[in-house]
Amino acid sequence: MTRQVEAHHYCSHQNQDVRQCLIYDSEGPEARLIGVEYMVAEPLFLALPDDEKPLWHSHEYEVKSGMLFMPGLPGLVEHKDLEQVCKTYGKTYHFWQVDRGDELPFGIPQLMMAFTRDGQLREELAKDIEGRYGVSFEKEREKREYMKGPENGIHPLANGAGKGQMLELREVDLPPVSSLPRAFI
Amino acid sequence: MASSDEIPAADAAGRPTPPGNPMSVGRTVIDKGAEMMQSLKPVRQFKQHLCSFALYGHDLSRQIETHHYCARINQDFLQCAVYNSDESRAQLIGVEYIISDDLFKKLPLDEQKLWHSHAYEVKSGLLASPHVPDMLERRELDNLAKSYGKFWCTWQVDRGDSLPLGAPALMMSPQGVNPGMVRPDLLKKRDDKCGISSEQLEASRVEIEGVNTAGTNADYWMKHGKGFALDVVETMMKLRTPFP
């Protein structure tokens, strides 16, 4: 939880209930593509297998705390979207650990979690964003108080099922190399 | 749970990919508004569409057609969003980073294992610019033929996953030896759909040079007979507060 990253999501809808997003480390033309996120509506999350659910995180806190916002959009339009996002679950992988100074995407993907309560987000990161974008998380929190999270509450298996989840690389044996073409029937 | 799992538990067969309701009018209006009002600079950097094939690193017999949308960051580096088709509702199936030979040779050997070379797929005509094959100019082809890629697939649509499940899979590139050769039926399907002939492209690319990968760990499976899979494991999260 101590390693935290500012993330800019560029999302499109597969349909009303599913979004897929490219994640960048900034919003300029030179931004680095650091990961992907998929977002699904609550019913789709609930239908996932139980061993898949821990890889997904809830969005309710991020939205209601004000830390998730849509730069450039008027509040009313933004809120219409955020009311929906508040109820969704996301699955995020980052491939490029720019926060530790990697100049290229080294290593294996990292499963990312979302913020779920006060006190997790590092204050200096919050202040930096608020300053650069001229937003106030406090004020937004008040405006977004009416928003509701998932109908069934945050599922206990989401958010890593409360544990850390990480990925490990494993070597697997493959069939030997052969220059003979396979016969296809 | 691992990227190499055969069939993830209980993903209902027969569901559309992905499941979900059609877009409502209200939703479409928000999207249009956002598109007009927000600056979308990073994604506007994708200037190139490339079609090729990729193989799952833990099982090279699983082969997929890929559509890369690439943004060139500098002479040595491209970042690509990878989709399973070129239609507007294509699934975002992963990300590939492409680097030059210069950058690749500076990587530690351990890191190199995760990368694959592109020379074969460029020279053989597998890698193409759909519908406008001549769009890929000689200089770009030379560049790509000497490059290496690192491709994580986050949505195994070909496995029947109607949503992205499990851990990402490391992908490898097609090569001229089995098990790395692309199945002829897949190739023909792609060629017919995209109006190209990989045979003709191969003939026109005869003079393009690849790179010498001797002494490197690119295409690790070719030299060592080993692929890679990712496992999800539980660990202790370093905390600032209770979680969640």
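Each chain gets a letter, A, B and so on, in the order the sequences are listed, and its residues count up from 1. What you see below is based on every heavy atom in this structure, not just the backbone, and it leaves out hydrogens, waters and symmetry mates.
- With a 4.5 Å cut-off on non-hydrogen atoms, S12(A) does not touch chain B at all.
- Using a 4.5 Å cut-off between heavy atoms, M1(B) contacts chain A through its side chain alone, with no backbone atom that close.
- Counting heavy-atom pairs closer than 4.5 Å to chain A, the top-ranked of the candidates G166(B), A167(B), A90(B) is G166(B).
- For E37(A), no part lies near chain B; criterion is any non-hydrogen pair under 4.5 Å.
- Heavy-atom distances place both the backbone and the side chain of K238(B) under 4.5 Å from chain A.
- Applying the 6.0 Å contact sphere to NZ of K80(A) captures no more than 12 heavy atoms from other residues, nucleotides or ligands.
- Closest approach of A31(A) to P42(B), counting heavy atoms only: CB-CG, 3.9 Å.
- With a threshold of 4.5 angstrom between heavy atoms, K113(B) approaches chain A through side-chain atoms but not through N, CA, C or O.
- Note that the CZ atom of F228(B) and the CG atom of L174(A) stand 9.5 Å from one another [nearest 0.5 Å].
- For the atom pair CG of D173(A) and NZ of K226(B), the computed distance is 3.5 Å after rounding to the nearest 0.5 Å.
- Other residues, nucleotides and ligands contribute at most 12 non-hydrogen atoms within 6.0 Å of the NZ atom of K188(B).
- Between H58(B) and R170(A), every side-chain heavy-atom pair lies at or beyond the 4.5 Å cut-off.
- Aromatic ring pairs are classed by plane angle as parallel below 30°, tilted from 30° to 60° and perpendicular above 60°; the pair Y24(A) and F46(B) is tilted.
- By the neighbour-count criterion of 12 heavy atoms within 6.0 Å, atom CD of E199(B) is sparsely surrounded, having that number or fewer from other residues, nucleotides or ligands.
- Heavy-atom neighbours of E124(A) CD from other residues, nucleotides or ligands within 6.0 Å: above the threshold of 12.
- When all heavy atoms are compared, the tightest approach of N159(A) to F243(B) is O-CE2, 3.1 Å.
- Partners of N84(B) under the side chain to side chain donor-acceptor pair (under 3.5 Å) rule, at least two apart in sequence or in another chain, are Q91(B).
- Looking at E234(B), the atoms closer than 4.5 Å to chain A (heavy atoms on both sides) sit in the backbone and in the side chain alike.
- Between the side chain of K150(B) and the main chain of P105(A), a donor-acceptor pair closer than 3.5 Å is present.
- Heavy-atom neighbours of L76(A) CG from other residues, nucleotides or ligands within 6.0 Å: at or below the threshold of 12.
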Check the pair F95(A) / Q79(B) against side chain to side chain contact (heavy atoms under 4.5 Å, CB included), numbers first and verdict last. CA-CA 11 Å; F95(A) 310 113; Q79(B) 53 193 19; over 6 Å; no
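- Minimum heavy-atom separation, L44(A) to P19(B): CD1-O, 3.5 Å.
- With a 4.5 Å cut-off on non-hydrogen atoms, Y97(B) touches chain A through its side chain but not through its backbone.
- With respect to chain B, the highest number of heavy-atom pairs below 4.5 Å among P29(A), G35(A), G162(A) belongs to P29(A).
- Proximity to chain B (any heavy atom under 4.5 Å) is shown, for M70(A), by both the backbone and the side chain.
- Using a 4.5 Å cut-off between heavy atoms, L121(A) contacts chain B through its backbone alone, with no side-chain atom that close.
- Contact tally against chain B (heavy-atom pairs below 4.5 Å) for V40(A), D50(A), L55(A): the top residue is L55(A).
- Comparing G119(A), G72(A), A161(A) by how many heavy-atom pairs each has under 4.5 Å with chain B, the most go to G119(A).
- With a threshold of 4.5 angstrom between heavy atoms, L114(B) approaches chain A through side-chain atoms but not through N, CA, C or O.
- Contact annotation for C11(A): neither backbone nor side-chain heavy atoms come within less than 4.5 Å of a heavy atom of chain B.
- The candidate from D118(A), L104(A), I154(A) with the greatest count of non-hydrogen atom pairs under 4.5 Å with chain B is L104(A).
- Proximity to chain A (any heavy atom under 4.5 Å) is shown, for P18(B), by both the backbone and the side chain.
- Rounding to the nearest 0.5 angstrom, the gap separating the CG atom in L163(B) from the OH atom in Y38(A) is 10.0 Å.
- Side-chain contact between N15(A) and N21(B): absent, with no pair of heavy atoms (C-beta onward) separated by less than 4.5 Å.
- Interface check for chain B: of the options R32(A), H57(A), E30(A), R3(A), the most heavy-atom pairs under 4.5 Å are formed by R32(A).
- Considering all non-hydrogen atoms of both residues, I108(A) and W152(B) come closest at CA-CZ2, 3.8 Å.
- For L107(B), the part lying near chain A is the side chain, with the backbone staying farther off; criterion is any non-hydrogen pair under 4.5 Å.
- When side chains are defined from C-beta on, P109(A) counts as touching L230(B), because their heavy atoms get closer than 4.5 Å.
- Interface check for chain B: of the options E27(A), Q14(A), H8(A), the most heavy-atom pairs under 4.5 Å are formed by Q14(A).
- Summarising the geometry, atom OG1 belonging to T235(B) is positioned 11.5 Å from atom CG belonging to L167(A); distances are rounded to the nearest 0.5 Å.
- The number of heavy-atom neighbours closer than 6.0 Å to NZ of K148(A), taken from other residues, nucleotides and ligands shown, is 12 or below.
- Contact check for L48(A) versus L165(B): side-chain heavy atoms found under the 4.5 Å cut-off.
- Closest of all the heavy-atom pairs between G33(B) and L73(A) is O-CD2, 4.3 Å.
- Heavy-atom distances place the backbone of I34(A), and not its side chain, under 4.5 Å from chain B.
- Taking CZ of R27(B) as the start and CZ of R19(A) as the end, the distance is 4.5 Å to the nearest 0.5 Å.
- Using a 4.5 Å cut-off between heavy atoms, A71(B) does not touch chain A at all.
- Here K163(A) contributes atom NZ and M237(B) contributes atom CE; the two are 11.5 Å apart, rounded to the nearest 0.5 Å.
- The main-chain N or O of S24(B) is found under 3.5 Å from a side-chain atom of Q16(A) such that the two form a donor-acceptor pair.
- Looking at residues two or more places apart in sequence or on another chain, you find no disulfide (SG to SG under 2.5 Å) involving C70(B).
- Of the atoms belonging to D31(B), it is side-chain heavy atoms, and not backbone ones, that fall under 4.5 Å from chain A.
- The shortest heavy-atom contact between A229(B) and V172(A) is CB-CG1, 4.2 Å.
- Here the side chains of P74(A) and M37(B) are in contact, with some heavy-atom distance below 4.5 Å.
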